[in-house]
Structure formats: structure tokens, C-alpha cells
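Note on naming: letters A, B, ... go to the chains in the order of the sequence lines (proteins, then strands), and numbering restarts at 1 for each one. Because the structure is predicted, anything quoted here is derived from the model rather than measured.
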Amino acid sequence: MSKVQNIKGMRDHLPQAMLLRQHILAVVTRVAERFGFEPLQTPVLEYAEVLEGKLGDEEKLIYRFEDQGGRRLALRYDQTVPLARVVAQYSGTLTLPWRRYAYGPSYRGERPARGRYREFYQFDADIIGSSSPLADAEIVALLSEALAELGFPGFTTLLNHRQVLGGIARVSGLDEQAAGGVYRAIDKFDKIGAAGVREELLRLGVSPAAADQILLLVQIEGEPAAVLAELAGRLAGDARATAALENLRAILVGLAAMGVPAERYRVAPRLARGLAYYTGMVFESITPHWPEGSLLGGGRYDELIGQFAGRPIPTVGLAFGIDRLHDVMEELGLGPRASSPATAYVTIFGAELAGASLSLARELRAAGVNTLVSLDPGAGLGKQLKEADRKGVHYALVLGPDELARGEVVLKDLRNGEQRSVPREAVLAAMGAEG
RNA sequence: GUGCCUGUAGCUCAAUGGUUAGAGCGCCUGACUGUGGAUCAGGAGGUUGUGGGUUCGAAACCCAUCAGGCACCCCA
């Protein structure tokens, strides 16, 4: 390797990107803690056998290697399997139900594309050890508040249930074996359309009559309650699907009671999601401004967490894709776009006035104002203001001989170009007053 | 991992196989003041992703490789 570069599919996040990412993380964390979720962090490395056998054929995407001691290690593929390990390992000290959130990188050896990377950051929130539909509803409420506070316009969360899909497959005369391929075909509906899905189903060996039946059921749309009623009628012969629809109904009641606006979610029987371990409700949040895919997704997986503990531990959760949220927000112009966390820049008029400027900067910082100070007293005001401008700082402060003599400071608003001389002790108030 | 498309200045892009690879924006210096953006003048910046090959001659054509994008696959 002669060229200096980073690894394919893994990115450096320069300051402007980091400020937006930190904003996203701060908002999502705030919302999660508002719901009482507790933080957890686990290592990015796990013993390979911890990750193996949980993900099916996706295991080819796991980064694996040996350390110097010959131990077989793997980079975590998501934060769900490590969670299962933690729940088993600390079963004596954790009281269920447990709400936990986790933030950090995960790794998949995929072909990179826009919004998909080999190192990607996720914020996971899960409720471990509750099968209540209120837990499902709470996860959806959390995500709705987070996306709203991030400023996403017109997002919607699509809700479905694995056993509704199962019921659709069974009613159409398919057995469980065929189900996986059928789910994946259905999941492509928004991408390839009804005709495309039909073609795919036929290719999987589904009879034309069954394919038409599946397509009919999967395209049911409308008010959540109406969709549920329609499905209930058509899947009445299937006990598991009927129970699943009852479960979805209870979740919808919870969502309404939690104050989630009705336009923020709908029941979509065509939503499948690829991950094999989901057992109950599944969901995905989408926005018309990002047709490429979902902003986030999740669902209920009652089997996975208990695999290490040796007993079923019902769990529902979601993962925010920080990278994807970042890409979409950047494209839509949402969130902060500054390249510096500073809001103030203190100029230094000349070497002999450096002390006065530095103590002004110290006062601002003591009051909690992020403050940059010039490092080059000889540079001239023009150059210093240019630096302040380029950093996207809101205010520049000038402390020259005249101001010093009068005990004042020139406060310049770099956004509108207005400036005025204010008494030094009133600087903070003046900045606060102008936002 | 498979197929297709693309890599030229910091960014967006030009340049029939033929002089010394250009432009806009950005960047640096200066002109105007105790002051950013605007205007004007000047300047820096390139082994054309990398390595081979074809040719009298390659940014262009061929092969390999690396990286990015799109479609499979899957998903955040």
C-alpha cells in the first residue's frame, strides 16, 4: 500500500460531519433517557462463537480473525447479539424488564454504497424481558419523538407483525419452509411493484393463484383499524395470525394513549424485514425524501436474547442508523451545519492587548460560551474576522485601545454584520439577548 | 461475493490518440478602513487514483489493482 487512505467502506468523520453526528446522538440519547432507558456499552470485539449461529446466512458478512494468542475473534455485526450475551452473563444483577440503550460502531463486510458502510454507527434501544404490547408501543413512541425532534419532515413508521405475514403465507397454501423467500419478495414491494413481486413469487415456485392471493392481502391499505379489520376477516381461519392482529390492535391502543400522532404510523402488511430473528411486531420508518431505504427499523424478537440464558426472554427494540440519518439530514439541510462548536471569537488587537482579550475569552468560557480566540495578535483584524467567519461563529468581539479605555467591547454579529460597542460587563447579556 | 458505470487542482467539471492538461468556485497575497462576506489585481496548487501494457506519441485504448456509485444480496 503506497497511497495513504482509509479502509474501503470505512469513513473519517471531519468536524462538520461530527458536529451533525453528535447532534443526532444527543437528541436520540435525550429522548431515550426521557423514557428511562439506561446506557450500556460493550466491546466491539467478541469471541467469534458468540456471534456465530445467530444470523443465518448473513454470517459471511462477519469480520473474523485470530489474535496473537490464536483466539478466534469477530467484530460485532450489530449490538443485539452482544446484548443477549450481557443479559445472560449478568442475569443475577439485572432486573427485568430492562430498558437499555447503546451507541457505537458495528461492522459488516458488505459492498459499500450510499447510506451503507462497512463500519457504521447504531443507536439501539431495547426493552428486555417484557412481552407487553405497551413495550412495543413505547419503542415506536420513542422513535417518533426522536425523529420529530431531529426535524424529519413527513416521516412514517410502517408496522406489521411476523405472524400476519405467516398467516398470509399459510392462507395462500404455503408451508413454513417457503416463507423466508416469500417474505423477502414481499419486502421488495415498494421497490419493484406488484408485478415484480408476482414474478418473484412465481420464480420461487408459488402457484399463480397463491401469488395473487398474497398480493391482494399485502396491498391492503388505509386507516390502521380498517386494515386490521380487513386482515382479520381474510385471515380468520389462521389462529396465529388472528392473535397477531389482536396484538397489533393492542399496540395501536398503546400508541394512541402515549400521544403518538396518528399520521406518524400505519399498518403495512407488506413490510417484512429480512432479519430472521424477528418473531412479533416489525417496523420501519421511512421518509419520502429518502426513497433508497429506511431510516431505522426494528421489531420484537422473543427468542434471540434468551439463547445464551437458556430461557426465553421476550424483547422488543430498534436501531437508529446514525450514518443513514446523517446522510439524509445532510441532504435535506437539517441540523447544524457549522464547522466549529464555538459561538464566539475574540480577536486580539495587538500583542500588548493580548492579555485583555484572553481574560475576556476566559470570562466568556466561564459563563459557558464556547469561545475561540485568535492565536496571531499580529494578523490584523481583517484576517482574524475572516477566520471567525469561516468557522461559522455567531459573534466576533473586538477589544482595541479605544474600547479598553472606555471599558467596552465591540460585539459584532457575523450573521447580519451589525456591530455595537457595549459595556464589558454587559457583553454576555447582549449576546444572550440576540440569541 | 457477482455484474455494470465512474476516478483529471481542495470541490464541481472540461480537454478527436498529437505543443507546456484548462475553467468556475474555493484557497493564499495585496488594494479599502481598527472589520469577515462584495469588487478589483496578482499568486499558489496536478506523477490525470495506482502499477503494467499497446503506440512515434496515452488523461483518453487494453490488463490488473485500489477507491466511489448503481443493480443483485442484504440491511442501519
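At a cut-off of 3.5 angstrom, the base of B:rA76 holds no donor-acceptor pair with the side chain of A:E284. Residue A:R111 places no side-chain atom within donor-acceptor reach of the base of B:rG68, judged by atom type and a 3.5 Å distance cut-off alone. On a pure distance criterion of 3.5 Å, no polar donor-acceptor pair joins the side chain of A:K8 and the base of B:rG68. The base of B:rC74 has none of its N or O atoms less than 3.5 Å from a complementary donor or acceptor on the side chain of A:R184.
Across B:rC28, B:rG69, B:rC73, the shortest atom-to-atom separation from the side chain of A:K386 is found for B:rC28.
Centre separation under 5.5 Å together with a plane angle under 30° does not hold for the ring of A:F320 and the six-membered base ring of B:rA76, so they are not marked as stacked.
Counting to the nearest Å, the P atom of B:rU2 and the CG atom of A:L61 are 14 Å from each other. As a whole-Å value, the separation of A:R116 CZ from B:rA67 P is 17 Å. The separation between A:D187 atom CG and B:rC75 atom C1' is 10 Å, rounded to whole Å.
Residue contacts for A:G9: at a heavy-atom cut-off of 4.0 Å it reaches the sugar-phosphate backbone alone, with no base atom in range. Residue-level contact check: A:K188 touches the backbone only, with heavy atoms under 4.0 Å from sugar-phosphate atoms and none from bases. Within 4.0 Å of A:R390, counting heavy atoms only, lie sugar-phosphate atoms of the nucleic acid but no base atom. Among the protein residues, A:G109 comes within range of no part of the nucleic acid, since none of its heavy atoms lies under 4.0 Å from any strand. Counting non-hydrogen atoms under 4.0 angstrom, A:L295 reaches the backbone sugars and phosphates but no base. As judged by a 4.0 angstrom heavy-atom cut-off over every strand, A:E403 is placed among the base-contacting residues.
With A:Y107 as the aromatic partner, A:R76 does not meet the cation-pi criteria of under 6.0 angstrom to the ring centre and within 45 degrees of the ring axis. Relative to the six-membered ring of A:Y47, A:R72 misses at least one condition, a distance below 6.0 Å or an angle of at most 45° to the axis.
The distance between the ring centers of A:Y345 and A:Y395 does not fall below 6.0 angstrom.
For the C1' atom pair drawn from B:rC5 and B:rG51, the interatomic distance equals 22 Å after rounding to whole Å.
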